[in-house]
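Naming: A, B, ... by sequence-line order, numbering from 1 per chain. Computed from a predicted structure; not experimentally measured.
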Amino acid sequence: MRLSQAFQPTLKEVPAEAQIASHRLMLRAGLVRQTSSGIYTWLPAGLRVLRNIANIVRQEQDQVGGQEVLMPTIQSADLWRRSGRYDAYGPEMLRIQDRQGREMLYGPTNEEVVTDLFGSTVKSYRELPKVIYHIQWKFRDEVRPRFGVMRGREFYMKDAYSFDLSYEAAVSSYYRMMLSYLKIFRRLGVKAVPMAADTGPIGGELSHEFLVLAPTGESEVFYDAGWDEMDWESMALNPQNEADLQKLQNLVKETYSATDEKHDLTAWEAVPEDRRRGGRGIEVGHIFYFGTKYTEAMGVEVNGADGAAIHPHMGSYGIGVSRLVGAIIEASHDDAGIIWPEDVAPYRAALLNLRPGDETCDAMCESIYSCDPEGLLYDDRSERAGVKFNDADLLGHPWQIIVGPRGAKNGMVELKHRATGERSELPLDEALAKLGLR
RNA sequence: CGGGGCGUGGCGCAGCCUGGUAGCGCGCCUGUUUUGGGUACAGGAGGCCCCCGGUUCGAGUCCGGGCGCCCCGACCA
């Protein structure tokens with residue numbers, strides 16, 4: 001993308017409403033604009049990040065057998081009456097009426113829709129287990145939206161639902177999903193620790209939240225240093241292997257972690273003092289096992305091998321995709337701006353032409369740009385070098401390819417790594433090779 | 001939902017107490033200048049002062065009501 005043609009506004013000054021780093025940076029870098037309290041428009045760069053995250057989530061969910069669908073945002077109240085949650089959910093649910101006066105709602109979650117969908121299509125035990133998920137906008141009328149997209153009212157969420165024939169199978173699905181989540185967060189470049197959690201209005205008995213550690217997090221967390229030390233790559237747990245899932249389950253049992261609401265002082269005392277870790281965390285995922293709560297309430301059953309009806313056991317698994325944009329920034333930024341992990345960055349590199357109009361610089365930039373017009377943000381504006389440097393740091397692309405008259409006439413470009421600040425001057429070909437552009 | 005605060009060009013703010021020509025910085029446009037970390041100078045555009053009502057000769061300013069937004073707390077991907 002050529003920056004001169006992009007819809008990419010950056011702000012020099014910080015809008016007064018933004019209090020925390022990620023919110024300030026998202027506004028300054030032109031990722032989002034607020035349209036009303038807790039509701040945002042995503043601008044091109046922000047949308048790219050949102051999609052990158054969603055794609056990683058999608059790949060990993062497919063990897064563990066997830067089937068992607070797209071359920072609606074608007075749901076009927078009747079469906080929620082069948083589960084008994086229409087009255088239970090409270091004012092957080094946005095309730096609306098259509099022109100016939102029918103009661104509708106903007107979905108805060110999708111257990112009802114998915115359970116109904118499943119029940120109306122799946123009739124035999126042979127079709128289980130199933131994992132159905134979608135990535136869709138949700139609305140929860142929060143009492144107090146804040147922190148930008150971290151606690152918006154409208155938010156983008158991946159929610160998956162598992163259906164199993166037995167408790168044991170459902171627990172396997174639960175830990176398989178946990179494994180998938182651990183991998184997702186690793187790929188997103190954040191450290192998220194699963195912590196014992198309350199089940200809230202979704203109900204159920206087994207539940208973990210995934211928390212990204214950050215000082216601005218809303219929950220207080222307590223965990224065993226073991227979580228910092230686990231080497232998931234070399235453990236290579238296979239989600240399709242029951243023994244590996246058991247291993248994970250044991251690790252979770254043996255390695256303490258909890259948010260303040262589930263904090264267990266007795267168990268905490270058992271953790272050696274020098275291994276106790278605490279802090280604040282941002283909840284970016286939440287998984288639940290809640291058994292037959294919805295399948296029973298909504299009368300969903302399949303036939304077993306012996307012909308007897310079985311209420312499938314369910315779990316639900318959420319990842320706050322839009323919240324993750326904020327959480328990642330919260331965990332990865334400096335005074336100059338955002339520092340994107342490679343896989344979520346809106347562009348893999350910024351290409352800075354320090355002197356547009358200079359024949360050598362222009363020619364070199366054009367040849368670099370043509371390698372990957374989609375993945376490079378080419379700053380071809382007639383701005384001063386300082387402006388370009390500052391904007392590039394603010395936007396936080398993993399790399400900056402700096403082309404100035406000094407080096408260009410010798411066929412050299414400068415490469416700056418945003419995360420380390422490291423700069424090196426390289427011949428053009430070497431630089432391209434290093435970034436995988438050639 | 002309880003407590004606090006704020007609404008004035010795109011952004012950050014002053015002006016309000018003590019009513020009388022709507023201001024500053026940044027950004028934007030034009031020109032010159034500068035050319036490796038937000039350059040300098042000159043000229044210029046841009047404002048239902050959140051809305052409604054009241055007081056007054058006169059309201060951004062005072063009074064009443066409403067709306068919006070933010071912050072702190074209790075609640076949640």
Side-chain angles (χ1 to χ4, degrees), chain A residues 9-20 23-24 27-28 30 33-39 53 57 89-93 107-110 135-160 181 192 197-202 207-212 217-219 259-261 281-288 316-327 336-337 352-358 361 379 381-394 400 402-408 413-414 416 421 423 425:
Chain A
T10 55
L11 262 34
K12 219 163 150 178
E13 279 172 288
V14 195
E17 73 265 17
Q19 294 299 312
I20 64 167
H23 191 194
R24 279 198 297 269
L27 293 170
R28 286 228 294 135
R33 281 293 157 87
Q34 178 168 311
T35 62
S36 55
S37 179
I39 301 177
I53 295 174
V57 170
Y89 211 92
E92 210 174 76
M93 183 151 75
T109 176
N110 282 65
I135 306 178
Q136 177 64 291
W137 292 94
K138 306 287 188 291
F139 193 94
R140 293 184 193 172
D141 201 355
E142 296 283 344
V143 246
R144 190 179 160 214
R146 65 184 128 171
F147 301 153
V149 300
M150 294 239 281
R151 176 164 301 287
R153 293 193 294 170
E154 188 181 49
F155 58 98
Y156 199 44
M157 175 171 144
K158 186 282 302 181
D159 40 322
Y181 273 36
D198 270 340
T199 52
I202 302 206
S207 176
H208 285 86
E209 289 177 4
F210 289 75
L211 282 288
V212 170
E218 293 188 84
S219 333
T259 60
D260 46 4
E261 53 193 14
I282 302 162
E283 183 185 355
V284 292
H286 201 158
I287 60 178
F288 305 86
S316 80
Y317 315 89
I319 287 183
V321 176
S322 49
R323 172 180 287 184
L324 266 163
V325 179
L352 308 188
N353 186 345
L354 296 190
R355 194 168 309 168
D358 176 279
C361 288
D379 194 342
R381 299 174 299 173
S382 56
E383 287 288 350
R384 294 192 47 110
V387 173
K388 300 189 178 190
F389 287 132
N390 281 317
D391 276 350
D393 286 348
L394 175 61
Q400 293 170 24
I402 302 163
V403 176
R406 225 165 48 197
V413 302
E414 189 176 327
K416 177 180 168 183
R423 297 152 167 276
E425 191 152 13

*Asks:* Can A:Phe155 be said to stack with the base of B:A77, given centres closer than 5.5 angstrom and planes under 30 degrees apart?
*Replies:* yes

*Asks:* Identify, with sequence neighbours excluded, every residue that meets salt bridge (Lys or Arg N to Asp or Glu O under 4.0 Å) alongside A:Glu383.
*Replies:* none

*Asks:* A:Asp141 has an atom CG; how far is it from atom P of B:A77, in whole Å?
*Replies:* 16 Å

*Asks:* If B:G68 has a Watson-Crick or G-U wobble mate with both distances under 3.5 Å, name it; if not, just say none.
*Replies:* B:C6

*Asks:* Starting at CG of A:Asn353 and ending at C1' of B:G36, how long is that distance when rounded to a whole Å?
*Replies:* 12 Å

*Asks:* Which residue, A:Ser36 or A:Glu209, contacts RNA chain B at a nucleotide closer to its 5' end, judged by nearest heavy atom?
*Replies:* A:Ser36

*Asks:* Both distances under 3.5 Å, Watson-Crick or G-U wobble: report the partner of B:G46, or none.
*Replies:* none

*Asks:* Between B:C71 atom P and A:Arg24 atom CZ, what is the distance in whole Å?
*Replies:* 12 Å

*Asks:* Is A:Arg384 touching bases, backbone alone, or none of the nucleic acid, heavy atoms closer than 4.0 Å?
*Replies:* base

*Asks:* Summarise protein proximity over nucleotides 3-14 of chain B in one line of letters, 5' to 3': B for base, S for sugar-phosphate only, - for none, counting protein heavy atoms closer than 4.0 Å.
*Replies:* --------BSS-

*Asks:* How far, in whole Å, is B:C71 from B:U61 if one measures between their C1' atoms?
*Replies:* 26 Å

*Asks:* Between B:A77, B:G36, B:G73, spot the one nearest the side chain of A:Ile402, thanks.
*Replies:* B:G36

*Asks:* In whole Å, I'd like the distance from the CG atom of A:Leu354 to the C1' atom of B:U34.
*Replies:* 14 Å

*Asks:* Which nucleotide in the set B:C75, B:G36, B:A77 lies at the smallest distance from any side-chain heavy atom of A:Val143?
*Replies:* B:C75

*Asks:* Would you check if A:Lys388 and A:Gln400 make a side-chain contact, meaning some heavy-atom pair closer than 4.5 Å?
*Replies:* no

*Asks:* Rounding to the closest angstrom, what is the interatomic distance between B:A59 and B:U18 at atom C1'?
*Replies:* 14 Å

*Asks:* With sugar-phosphate meaning primed atoms plus P, OP1 and OP2, does A:Gly318 contact a base, only sugar-phosphate, or nothing at under 4.0 Å between heavy atoms?
*Replies:* nothing

*Asks:* Which residues satisfy the ring-ring contact (aromatic ring centres under 6.0 Å, His included) test with A:Phe139, sequence neighbours excluded?
*Replies:* A:Tyr106

*Asks:* With the side chain of A:Glu283 defined as its heavy atoms from C-beta on, choose the nearest nucleotide among B:C1, B:U34, B:A77.
*Replies:* B:A77

*Asks:* Return the value, rounded to whole Å, for the distance between atom NZ of A:Lys416 and atom P of B:G36.
*Replies:* 16 Å

*Asks:* With a 3.5 Å distance limit and no angle check, can you tell me whether A:Tyr181 reaches the backbone of A:Gly318 through a side-chain donor-acceptor pair?
*Replies:* yes

*Asks:* With both distances under 3.5 angstrom, what nucleotide forms a Watson-Crick or G-U wobble pair with B:U18?
*Replies:* none

*Asks:* Would you say a side-chain N or O of A:Ser37 is under 4.0 Å from OP1 or OP2 of B:C70?
*Replies:* yes

*Asks:* Across all strands shown, which nucleotide pairs with B:C1 by Watson-Crick or G-U wobble geometry, both distances under 3.5 Å?
*Replies:* B:G73

*Asks:* Give the rounded distance in Å between these two atoms: CZ of A:Arg28 and P of B:G27.
*Replies:* 14 Å

*Asks:* Write down the distance separating the C1' atoms in B:C26 and B:U39, rounded off to the nearest Å.
*Replies:* 15 Å

*Asks:* Pick the P atom in B:U33 and in B:G20, then give their distance to the nearest Å.
*Replies:* 45 Å

*Asks:* How far, in whole Å, is B:C62 from B:G27 if one measures between their P atoms?
*Replies:* 33 Å

*Asks:* Counting any heavy atom closer than 4.0 Å, what does A:Glu414 reach on the DNA or RNA strands: base, sugar-phosphate only, or nothing?
*Replies:* base

*Asks:* Can you tell me how far P in B:G5 sits from the matching atom in B:C49, rounded to whole Å?
*Replies:* 25 Å

*Asks:* Check every strand shown and say whether A:Asp393 touches a base, only sugar-phosphate, or nothing at a heavy-atom separation below 4.0 Å.
*Replies:* base

*Asks:* Among B:G38, B:A77, B:A74, which is the nearest nucleotide to the side chain of A:Val387?
*Replies:* B:G38

*Asks:* Taking C-beta and beyond as the side chain, do A:Lys416 and A:Asp393 meet within less than 4.5 Å on heavy atoms?
*Replies:* yes

*Asks:* Between A:Arg381 and A:Pro356, is any pair of side-chain heavy atoms under 4.5 Å apart?
*Replies:* no

*Asks:* What's the CZ-P distance between A:Arg381 and B:C28, to the nearest Å?
*Replies:* 10 Å

*Asks:* Sequence neighbours excluded, which residues qualify as salt bridge (Lys or Arg N to Asp or Glu O under 4.0 Å) partners of A:Arg153?
*Replies:* A:Asp141

*Asks:* In chain order, what residues pass the salt bridge (Lys or Arg N to Asp or Glu O under 4.0 Å) check against A:Glu261, with sequence neighbours excluded?
*Replies:* none

*Asks:* Across all strands shown, which nucleotide pairs with B:U33 by Watson-Crick or G-U wobble geometry, both distances under 3.5 Å?
*Replies:* none

*Asks:* Going by the rule ring-ring contact (aromatic ring centres under 6.0 Å, His included), which residues pair with A:Tyr156 if we only count those two or more places apart in sequence or in a different chain?
*Replies:* A:Trp137

*Asks:* Return the 5'-most residue of the pair A:Thr10, A:Gln34 with respect to RNA chain B, ranking by each residue's nearest nucleotide.
*Replies:* A:Thr10

*Asks:* How far, in whole Å, is B:C51 from B:G46 if one measures between their C1' atoms?
*Replies:* 23 Å

*Asks:* Take atom C1' in B:G15 and the same atom in B:U8, then report the distance between them in whole Å.
*Replies:* 9 Å

*Asks:* Please check the phosphate of B:G27 (OP1 and OP2 only) for any side-chain N or O of A:Lys12 closer than 4.0 Å.
*Replies:* yes

*Asks:* Closest approach to the side chain of A:Pro405, judged atom by atom: which nucleotide of B:G36, B:A77, B:C28 is it?
*Replies:* B:G36

*Asks:* Looking only at the side chain of A:Gln19 (C-beta and beyond, no hydrogens), which of the listed nucleotides B:A77, B:C70, B:G38 gets closest?
*Replies:* B:C70

*Asks:* Short question: side chain of A:Lys158, backbone of A:Tyr317 - any donor-acceptor pair under 3.5 Å?
*Replies:* yes

*Asks:* Using whole Å, what does the distance between atom P of nucleotide B:C72 and atom CD of A:Glu142 come to?
*Replies:* 15 Å

*Asks:* Name the nucleic acid region contacted by A:Gly152, choosing base, sugar-phosphate or nothing; use a 4.0 angstrom heavy-atom cut-off, strictly under.
*Replies:* base

